[in-house]
Amino acid sequence: MRNDNLKSYLNLHLIVFIWGFTAILGALITIDAENLVWFRMLLALIFLGAFIIYKKQSFQVPVKELFKLVFVGLLIALHWIFFFKAIHVSNVSITLSIFSLGAFFASLLEPLFYGRKVLWYEVFFGLIIIAGLGLILQVEIKYLTGVYYALAAIILGVLFTLMNGKLISDHEPSVITFYEFGAGVFFISVYFLFQGKFTADFFVMSMNNWILLLILASICTAYAFTASVKVMQRLTPYTVMLTTNLEPVYGIVLAYFILGGKEKMSVEFYIGAVIIIITVILNGVFKHYQNKKENL
């Protein structure tokens, strides 16, 4: 059992590392954010469909639940579009430093979804996070547009994650994601039809872009998702939460060494990013021990 848990823990770090690499791929793929998300969701949809057939899972979901999945799919599509737009107009480091706020935003929105009160330490940590964000913006004001896109992306990400938390208890995660990705492809396709984007040139890309898209859709999306669900069955939510907070760290370090150039930020930026990441982790630690006290 201990070896299984260790294996799951190491697998979780690999998955988080892959998630951190997603931002690098977004920076390297040289097509518009909307196009990138359409291809990502379509290819991941195909991979997930193949996985569901291989596992002999049922595609059936109640009609009432299907409408919820369609709405979440729209949120996911918008989340990824804003995410990649943030990377394109700023850089990976700025985007991921803002993304580290995800767990904190989730803790603030949870009371609305689950009917609990806001905790004092969440407000306290929120003020520290705002200070860290202020430090970043003070020295990296030229990336302000990217910060806005990243904030929109992370808020949408928290919303669909909280909604998925309720849906996932009743259905297979892979089936849920299949319909959500399908809905995302549908909504973006409708938008593209009105924009007249579906031309022969739309599908003409360099071999490098196709290869990176396949890696993004297969390893960073379909595989990382299904593997993370399996890992979560063995590890505690607390362990998973703390480990996933390392995604911005992995991504920023990878960006520094792989992309170089504009990814090399000021000292103040890294101080602000460290303040945010440590505060988010401390928020998780406090939440864990608070829950343990309440369950005694």
Side-chain angles (χ1 to χ4, degrees), residues 15 18-19 22-23 25-26 29 31-53 55 57-87 95 99 102 105-106 109-110 112-113 149-195 197-198 202 213-214 216-229 232 244:
I15 293 163
I18 290 171
W19 285 339
T22 298
L25 292 175
I29 296 171
I31 59 176
D32 291 341
E34 297 92 341
N35 301 22
L36 194 163
V37 174
W38 187 85
F39 279 110
R40 178 187 187 178
M41 295 189 90
L42 178 64
L43 292 171
L45 180 73
I46 295 169
F47 288 125
L48 275 172
F51 175 80
I52 292 168
I53 293 170
K55 288 290 186 178
Q57 297 172 351
S58 173
F59 282 92
Q60 288 186 338
V61 295
V63 175
K64 184 180 178 181
E65 298 295 293
L66 184 61
F67 282 110
K68 294 178 183 177
L69 295 176
V70 168
F71 178 67
V72 174
L74 174 61
L75 293 182
I76 293 172
L78 291 172
H79 160 75
W80 278 343
I81 288 170
F82 283 127
F83 172 66
F84 290 117
K85 272 187 175 293
I87 291 172
T95 303
F99 258 57
F105 281 143
L109 290 173
E110 273 178 9
L112 299 177
F113 279 79
Y149 278 130
L151 282 171
I154 195 58
I155 291 171
L156 288 167
V158 169
L159 286 174
F160 82 69
T161 300
L162 291 172
M163 293 182 71
N164 264 349
K166 293 188 173 184
L167 292 167
I168 210 165
S169 59
D170 300 321
H171 306 284
E172 284 288 342
S174 52
V175 176
I176 285 177
T177 308
F178 176 83
Y179 284 109
E180 290 172 346
F181 284 5
V185 171
F186 170 76
F187 283 118
I188 299 174
S189 297
V190 171
Y191 170 72
F192 282 173
L193 284 171
F194 278 105
Q195 293 290 315
K197 272 200 167 189
F198 283 130
F202 178 83
L213 275 170
L214 284 171
L216 178 65
S218 58
I219 298 173
C220 297
T221 308
Y223 165 75
F225 173 78
T226 52
S228 66
V229 172
M232 288 174 192
T244 52

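Values reported hereafter were calculated over all heavy atoms of this structure, with side chains retained and with hydrogens, waters and symmetry mates removed. Source: prediction; values computed, not measured.
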Closest approach of [X] and [Y], non-hydrogen atoms and distance?
X	Y	value
Ala153	Phe82	CB-CB, 3.7 Å
Glu34	Ile188	O-CG2, 4.2 Å
Cys220	Thr22	CB-OG1, 3.5 Å
Ile31	Leu213	CD1-CD1, 4.2 Å
Thr221	Ala217	CB-O, 3.3 Å
Gly182	Leu45	N-CD1, 3.6 Å

Decide side chain to side chain contact (heavy atoms under 4.5 Å, CB included) for Ile176 and Val72; before the verdict, give the C-alpha distance in whole Å, the side-chain angles of both, and the deciding distance to 0.1 Å. CA-CA 10 Å; Ile176 285 177; Val72 174; over 6 Å; no
Which one of Trp80, Phe186, Phe160 satisfies the ring-ring contact (aromatic ring centres under 6.0 Å, His included) criterion with Phe181? Trp80
Mind checking the [atom1]-[atom2] spacing from [X] to [Y]? Nearest 0.5 Å is all I need.
X	Y	atom1	atom2	result
Met41	Thr177	CE	OG1	9.5 Å
Leu48	Leu43	CG	CG	11.5 Å
Leu78	Ile155	CG	CD1	13.0 Å
Thr95	Leu151	OG1	CG	10.0 Å
Leu66	Phe71	CG	CZ	14.5 Å

Could you check whether any side-chain heavy atom of [X] comes within less than 4.5 Å of a side-chain heavy atom of [Y], counting everything from C-beta outward?
X	Y	answer
Arg40	Ile29	no
His79	Leu159	no
Tyr179	Glu65	no

Checking Phe59 now: which residues fulfil ring-ring contact (aromatic ring centres under 6.0 Å, His included) with it, not counting sequence neighbours? Phe178
Out of the candidates Tyr191, Phe187, Phe192, only one should pair with Trp38 under the side chain to side chain contact (heavy atoms under 4.5 Å, CB included) rule; please name it. Phe192
Decide yes or no on side chain to side chain contact (heavy atoms under 4.5 Å, CB included) for Ser174 and Gln57, but give the supporting numbers first. CA-CA 9 Å; Ser174 52; Gln57 297 172 351; 2.6 Å; yes
So, Phe202 versus Phe39, ring centres under 6.0 angstrom or not? yes
